[in-house]
Each structure stands twice: as structure tokens, then as C-alpha cells.
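Every number for a ligand or one of its atoms is a count from 1 in the order of the listing.
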Amino acid sequence: MRRRSGRASWLPLHKIIMVGSGGVGKSALTLQYMYKEFISDYEPTKADSYRTTVTVEGVESSVDILDTAGQEDYAAIRDNYFRSGEGFMCVFSITEYESFSAISDFHEQILRVKGDDTIPMILVGNKADLTSARRVKVEEAEQLAASWNIPYKETSAKTYLNVDEAFFALLEAIHNRKKTMQEAQGTKGKKSKKKKKRCFIL
Ligand code: GDP
Ligand code: MG
């Protein structure tokens with residue numbers, strides 16, 4: 001795996017994992033987001049990680065994107081990847097119904113590994129430019145996403161449709177979740193301090 005390191009290691013870091021069946025466009029989406037280029041023949045078996053810097057809700061942040069590939073068939077490797085993720089981009093191709101069905105398995109695996117159903121996720125129907133080859137209805141995908149309480153976006157890594165938007169929605173969800181957790185911890189910290197003080201007085 002290759003790692004491109006960013007310039008600012010002190011920035012908050014958000015870790016995104018790309019998941020979905022082979023051939024749905026995980027690499028194409030990642031490369032479009034990173035380099036604004038459509039690369040049509042990226043090595044299908046390659047897992048790679050990328051780092052970039054973005055501003056999320058006014059906060060400059062580093063983003064790690066792990067573009068997974070076939071090795072995740074080995075459950076232990078896949079679980080390790082998933083464990084490190086803070087947000088998941090669940091990608092299927094609107095031209096392949098099987099890839100849409102497979103997303104439910106990925107979703108289940110993510111929830112199992114993370115043990116938390118509030119983990120930030122986005123459902124992405126890619127290859128939206130191939131309208132005449134559509135096999136997955138927008139409504140069906142929207143319904144699935146709604147049942148998981150996550151957003152749905154249709155993208156095209158080829159025409160650049162909604163690529164930034166999809167990454168951005170996920171980054172916002174990661175950022176907001178961290179903020180909520182930090183705030184909750186802050187309140188907890190204050191409470192336990194108070195408690196300690198009371199104990200001391202007693
Ligand atoms: P991965 O296995 O999920 O990483 O899929 P790839 O990114 O390697 O893409 C698989 C194939 O689909 C490649 O030939 C890509 O050029 C093509 N592809 C990916 N995204 C799109 C898209 O949005 N539109 C079209 N027309 N082709 C795409
Ligand atoms: Mg790939």
C-alpha cells in the first residue's frame with residue numbers, strides 16, 4: 001500500500017473507507033476526488049490510501065481515504081480495515097443490481113465491526129452517467145438509505161457528478177459526530193469532577 005502523506009500532521013484527521021463490490025467505481029471516485037481526473041483502468045486488486053486536506057465546517061482537516069480492493073474477502077483483513085474507519089462510503093453501481101444487494105452485507109459487517117449504528121456512512125449509487133443501463137431505481141436506493149438513516153447520493157466518477165458532494169457529506173457527518181462525542185465527554189468530565197469534589201468534602 002502506498003501512502004501519500006499530507007503536509008499538516010497536527011490537523012484533525014478524518015478516516016474514510018471506500019467499500020463496495022469490485023468494479024463499482026470506488027477507485028475512480030477516489031481518484032476523481034483526489035486528482036480531478038477520471039482514471040478508467042485502475043488496477044482492480046489494489047488497495048491504496050490517500051491523504052488530502054480540506055476545510056470541514058470551517059476547520060482545516062486532514063482526510064485519509066482507504067480505497068479497498070479484493071483482499072477484504074479475508075474477513076480478518078477486512079475487519080482490520082473497517083476498525084480503523086471513522087466514516088464509510090458504501091458504493092454500488094446503478095447499472096448492477098447485484099452490487100446494490102451486496103451493500104447490505106457491507107453495511108452489516110461495518111456495524112458488527114464498529115459495534116455502533118451511528119457510525120457515519122453514505123450510500124452512493126455510482127455510474128449515474130450510464131442512464132440507459134440503469135438497473136437500480138432511485139427510490140429503492142433512497143428507501144434503503146432512509147432505513148439506515150444515512151444520505152443517498154448518485155454520482156458519476158466519469159462526469160464528476162456529485163463526487164465532491166458525496167465526500168463532503170460524509171466528512172461533515174464525521175466532523176459532527178466527533179464534535180458531539182467531544183461535547184458529551186466534556187459534560188461527563190465536568191460531572192465526574194463535581195462528583196470527586198463532593199466525595200472529597202464528605
Ligand atoms: P472499483 O473496483 O470499485 O475500484 O472500480 P473501478 O474504479 O476500478 O471502476 C471499474 C470500472 O468502471 C472502470 O472501468 C471504470 O472506468 C468504470 N467506472 C467507474 N466509475 C464510473 C462512472 O461513474 N461512470 C462510468 N461510465 N464508468 C465508471
Ligand atoms: Mg478499485
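With respect to the salt-bridge test (charged N to carboxylate O, under 4.0 angstrom), the residues K36 and D164 qualify.
Between atom 4 (O) of ligand 1 and the options S27, G20, S21, A28, the minimum heavy-atom separation is to S27. Looking at E43, E154, K127, K158 and measuring to atom 18 (N) of ligand 1, the nearest heavy atom belongs to K127. Looking at L130, N126, D129, it is N126 that brings a heavy atom closest to atom 20 (N) of ligand 1.
Taking the six-membered ring for Trp and the full ring otherwise, Y160 and F38 have centroids separated by 6.0 Å or more.
Contacts of V24 with ligand 1, taken as heavy-atom pairs under 4.0 Å, involve both backbone and side chain. Residue contacts with ligand 1 for T155 are absent, since no atom lies close enough (heavy atoms, distance under 4.0 Å). Residue A157 touches ligand 1 through backbone and side chain together, judged by heavy-atom distances below 4.0 Å.
Neither side chain, S93 nor N126, offers a donor N or O lying under 3.5 Å from an acceptor on the other.
The number of heavy-atom neighbours closer than 6.0 Å to CD of E108, taken from other residues, nucleotides and ligands shown, is 12 or below. Under a cut-off of 6.0 angstrom, the local environment of CD in E165 is crowded, with over 12 non-hydrogen atoms contributed by other residues, nucleotides or ligands.
Side-chain contact between I174 and I16: present, with at least one pair of heavy atoms (C-beta onward) separated by less than 4.5 Å.
Using the six-membered ring where Trp is involved, F167 and Y33 have ring planes that are parallel, under 30° apart on the 30 and 60° scheme. Using a 30° and 60° split on the angle between ring planes, H107 and W148 fall in the parallel class, below 30°.
Counting only protein N, O or S atoms, the number found under 2.8 Å from the Mg ion (ligand 2) is 1.
Remark: distances from the non-hydrogen atoms of G22 to ligand 1 include one below 4.0 Å.
Closest to atom 15 (C) of ligand 1, if we only count protein heavy atoms, is S40 O, 3.7 Å.
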